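What follows is a short report on a single structure.
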Amino acid sequence: MAKKQKTFKPKARLPRGFGDRSPSDIRATDEMVAKIRKVYELYGFDPVETPMFEYTEALGKFLPDTDRPNAGVFSLQDDDDQWVSLRYDLTAPLARHVAENFQNINLPYRTYRNGWVFRNEKPGPGRFRQFMQFDADTVGAPGVQADAEMCMMMADTMEALGIARGDYVIRVNNRKVLDGVMEAIGIGGDEDADKRLSVLRAIDKLDKFGTEGVSLLLGEGRKDESGDFTKGAGLNGEQTKQVIAYIETGDVDGNEGVTELANIDKLVRAAGYDEDRIKIDPSCVRGLEYYTGPVFEAELLFDVTNEKGQKVQFGSVGGGGRYDGLVQRFMGQAVPATGFSIGVSRLMTALKNLGKLGAEEALAPVVVCVMDRDTESLGRYQKMVQSLREAGIRAEMFQGNPKNFGKQLQYADRRGCPIAIIQGADERDKGEVQIKDLLEGKKIAAEIESREEWTEARAAQFPVPEADLVAEVRKVLNRYCGDAV
RNA sequence: GCAGCUGUAGCUCAGUUGGUUAGAGCGCCGGAUUGUGGAUCCGGAGGUCGAUGGUUCGAGACCAUCCAGCUGUACCA
């Protein structure tokens, strides 16, 4: 009566913030990436990739301290004790690449890349700790025409992905303008650096909380849904009023940034991009540290219903801006650059819900059933499968336990297979195979009451000469997916 | 980080004021049916009740601490 031995049983669970990718997610992503790449290639950009790991200091992070060695980024110590980190975006690694290969790079340097990036922070709905970005950058182009082109390319990409004009907008602003506003309300000095940061963060939340919420955040602070209090920037009433007025009008006196924005505006209009595609927007803030001039953001304007049936505003699906200081970190020499990233994972979810992707699911394979289990027969089944594959038809031989024939059809049914091929001794003697149209049979099954009736009917099934197998299978498949096979 | 909510089978959940051996549906496996998918019927496996400590004759339930998850918020290069 020995007690049952306890063995360690790990819980099957994903690390939080990470997700497995389904066949349809992978196919949808591939489809998207191909479309984006096509646009970037048209604009004359070339692919360049960097690895997922970089030295932590190259990413511009402080070395991890002993208390929280992974704050924000995933970091680990290499066997030579040097800290390395998983990249958290594609821009910082590109700056490293440019600085390291500066001699061999022909400026302006126009490149794109897509890949996984990692952020070690709390995940939320639609926010993961691993996600894919698609990035394009022009390095060595100081003028606003490079920024204008980025905006145009973003707009073209949205449309190439099937997002209708009017369902997206590229919002453009300039960090210099925002700095000018803060100077105007008297918080331009070094002693107010923290306050400026709070003000920028407050403005950035306009689409989330509205003018009212932003006013609260600029002033005393704001209570969230759970009742927790967020401290505000501490501006007085008059200052708050001025900031709100700026957000609503975009007016700032005599500012270099305003001129730059006006030039971008002229450029994109001249190129045929109207306000419904690229729009100057004073509330667009974006990344607070490294941007030095124009910033831009791609926003989806439609609601999406998620799997729980709730309406969700997707909002920003990509953004970027000018980062003239990032390469300089490595070289001392100023190297202007501008670029943007698209959040592929986020955008993919939105497009899938919209029905713009994965409409044509790959058809499940034809299954060749196993009736006789002797080696010779198995070889014959495998040969049928091969002939189907050679004709470009997805096919497989049943690989499970073939003892119970019903299980084989159950398997095929659950996978959504269109056809099962059956050949037992009876058919073989006649030189035939049975083609069973499972999709047609499913329709018939709905009208049948008893199992006996169903079993006897051998629904939607017909014999063909073995030599005609491929042609007959193709005939049935064409009924379901036309030209796909 | 802060705040709110929630942890019971693979999944979704029930479990009465604290009371015997912790249940259901779905899913899974086997059988009815060794040559035919769905439906039906029968049987089976699957649980340290998130963890530890406490209160109690007795805790899945009550208390404390911790952990995890979800939601909001903050941070986000």
Side-chain angles (χ1 to χ4, degrees), chain A residues 3-4 6-9 11-17 54 56 58-62 68 71-73 85 87-93 95 117-127 129 197-198 201-202 204-205 208-209 213 217 221-232 285-291 308 310 323 325-326 329 341 367 369-373 401-417 419-427 434 436-461:
Chain A
K3 264 191 172 170
K4 213 198 296 186
K6 268 190 193 162
T7 51
F8 172 68
K9 199 173 71 177
K11 194 151 177 68
R13 55 178 194 142
L14 275 165
R16 93 199 141 109
E54 293 280 347
T56 304
L59 291 178
K61 274 311 265 196
F62 296 110
R68 301 183 60 195
V73 295
S85 297
R87 62 188 179 195
Y88 52 76
D89 70 10
L90 299 174
T91 308
V117 300
F118 303 84
R119 296 195 183 173
N120 189 6
E121 56 194 21
K122 202 190 108 177
R127 284 189 74 172
R129 296 206 288 174
L197 213 57
S198 301
R201 286 168 188 161
D204 199 28
K205 290 182 174 57
K208 215 170 174 182
F209 301 141
L217 282 172
R222 175 181 177 277
K223 249 185 201 157
D224 74 23
E225 251 172 58
S226 64
D228 194 27
F229 187 75
T230 307
K231 200 165 174 293
V285 176
R286 288 293 310 167
L288 302 166
E289 287 308 324
Y290 65 51
Y291 291 120
K308 288 173 190 160
Q310 302 158 317
Y323 51 97
L326 216 48
R329 281 186 57 235
S341 275
V367 167
C369 295
V370 172
M371 308 283 298
D372 300 312
R373 279 162 275 156
N401 183 355
K403 192 181 81 175
N404 185 343
F405 182 59
K407 290 269 182 254
Q408 302 194 35
L409 291 178
Q410 191 181 64
Y411 165 82
D413 184 45
R414 287 183 183 174
R415 276 200 69 178
C417 295
I419 289 172
I421 305 296
I422 303 165
Q423 188 194 54
D426 300 347
E427 288 85 3
Q434 298 274 355
K436 190 173 184 68
D437 182 339
L438 295 170
L439 301 179
E440 178 65 22
K442 191 170 268 180
K443 283 186 216 154
I444 297 171
E447 294 150 19
I448 283 178
E449 301 282 312
S450 76
R451 179 181 174 80
E452 285 68 32
E453 192 186 339
W454 170 234
T455 306
E456 290 307 313
R458 303 213 167 168
Q461 179 176 335

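Treat the numbers as computed from the prediction; the structure is a model and nothing was measured.
For A:Glu427, counting side-chain heavy atoms from C-beta on, the closest listed nucleotide (B:G72, B:A74, B:G35) is B:G35. Relative to the side chain of A:Glu121, the nucleotides B:A74, B:A77, B:G38 differ in distance, and B:A77 lies closest. Set against B:U73, B:A77, B:U36, the side chain of A:Ile422 has B:U36 as its closest nucleotide. The A:Leu217 side chain lies nearest to B:A74 when the options are B:G37, B:A74, B:G72.
Of the side-chain N and O atoms in A:Gln410, one or more sit less than 4.0 angstrom from OP1 or OP2 of B:G38. For the OP1/OP2 pair of B:U71 and a distance below 4.0 Å, the side-chain nitrogens and oxygens of A:Lys122 include no atom meeting the criterion. The phosphate of B:C76 (OP1 or OP2) has no side-chain N or O of A:Arg119 nearer than 4.0 angstrom. Residue A:Arg201 has a polar side-chain atom (N or O) positioned under 4.0 Å from OP1 or OP2 of B:C75.
Inter-residue side-chain proximity for A:Asp413 and A:Lys442 is flagged as met; some heavy-atom pair is nearer than 4.5 Å. Using a 4.5 Å heavy-atom threshold, the side chains of A:Arg127 and A:Lys122 count as separate. Residues A:Ile422 and A:Lys436 have side chains in contact (heavy-atom distance under 4.5 Å, counting atoms from C-beta outward).
A gap of 26 Å separates the P atoms of B:U65 and B:U48, to the nearest Å. Between the P atoms of B:U40 and B:C26, the separation comes to 8 Å (whole Å). Taking atom P on both nucleotides, B:G15 is separated from B:U55 by 29 Å, rounded to a whole Å. B:C29 and B:A45 are spaced 16 Å apart, taking the P atom of each and rounding to whole Å. When the P atom is used for both B:C28 and B:A64, the distance is 43 Å, rounded to whole Å. Only the P atoms considered, B:G4 is 37 Å distant from B:A24, to the nearest whole Å. Comparing B:U12 with B:U6, their C1' atoms are spaced 15 Å from each other, to the whole Å. The gap from the C1' atom of B:G58 to that of B:C13 amounts to 27 Å, rounded to the nearest Å.
Summarising the geometry, the separation between NZ on A:Lys205 and P on B:C76 is reported as 8 Å, rounded to the nearest angstrom. One atom, CG of A:Asn404, and another, P of B:G35, lie 8 Å apart when rounded to the nearest Å. Distance, A:Phe118 CZ to B:C76 P: 22 Å, rounded to whole Å. Between the CG atom of A:Asp372 and the P atom of B:G35 there is a distance of 9 Å, given to the nearest Å. Straight-line distance from the CG atom of A:Asp204 to the C1' atom of B:A74: 13 Å, rounded to whole Å. Between A:Asp228 atom CG and B:G1 atom P the separation is 13 Å, expressed in whole Å. Across the protein-nucleic acid pair, A:Phe405 atom CZ and B:A32 atom C1' stand 19 Å apart, rounded to whole Å. Between A:Lys407 atom NZ and B:U34 atom P the separation is 12 Å, expressed in whole Å.
Residue A:Tyr323 is classed as having no contact, given no heavy-atom separation below 4.0 Å to the nucleic acid. Using a 4.0 Å heavy-atom cutoff across all strands shown, A:Lys443 reaches no nucleic acid atom at all. Residue-level contact check: A:Asp437 touches the bases, meaning some heavy atom is under 4.0 Å from a base atom. Counting any heavy atom pair closer than 4.0 Å across all strands shown, A:Asp89 reaches no nucleic acid atom. The residue A:Ala425 sits close to a base: some heavy atom pair falls under 4.0 Å.
Across all strands shown, B:U40 forms a Watson-Crick or G-U wobble pair, both distances under 3.5 Å, with B:A32. Judged by Watson-Crick or G-U wobble contacts below 3.5 Å, the nucleotide B:G69 has B:C5 as its partner. With a cut-off of 3.5 Å on both Watson-Crick or G-U wobble distances, the partner of B:G53 is given as B:C63. Partner assigned to B:U20 is none, using Watson-Crick or G-U wobble distances below 3.5 angstrom. The nucleotide B:C26 finds its pairing partner in B:G10, both defining distances of the Watson-Crick or G-U wobble pair being shorter than 3.5 Å.
Between A:Arg16 and A:Arg373, the one whose closest nucleotide on RNA chain B sits nearer the 5' end is A:Arg373. Toward the 5' end of RNA chain B, the nearer of the two residues A:Gly17 and A:Lys208, judged by each one's closest nucleotide, is A:Gly17.
Among residues two or more places apart in sequence or in another chain, the salt bridge (Lys or Arg N to Asp or Glu O under 4.0 Å) test is passed with A:Glu427 by none.
A donor-acceptor contact under 3.5 Å links the side chain of A:Gln461 to the base of B:U36. Residue-to-nucleotide contacts include a donor-acceptor pair under 3.5 Å from the side chain of A:Arg127 to the base of B:C76. A donor-acceptor contact under 3.5 Å links the side chain of A:Lys436 to the base of B:U36.
A:Tyr323 places no side-chain N or O within 3.5 Å of a backbone atom of A:Ala92 that could act as its donor or acceptor partner. The main-chain N or O of A:Glu54 is never found under 3.5 Å from a side-chain atom of A:Arg87 such that the two would form a donor-acceptor pair. Not a single donor-acceptor pair under 3.5 Å links the side chain of A:Arg222 to the backbone N or O of A:Leu217. In this structure, the side chain of A:Gln434 does not engage the main chain of A:Gln461 through any donor-acceptor pair within 3.5 Å.
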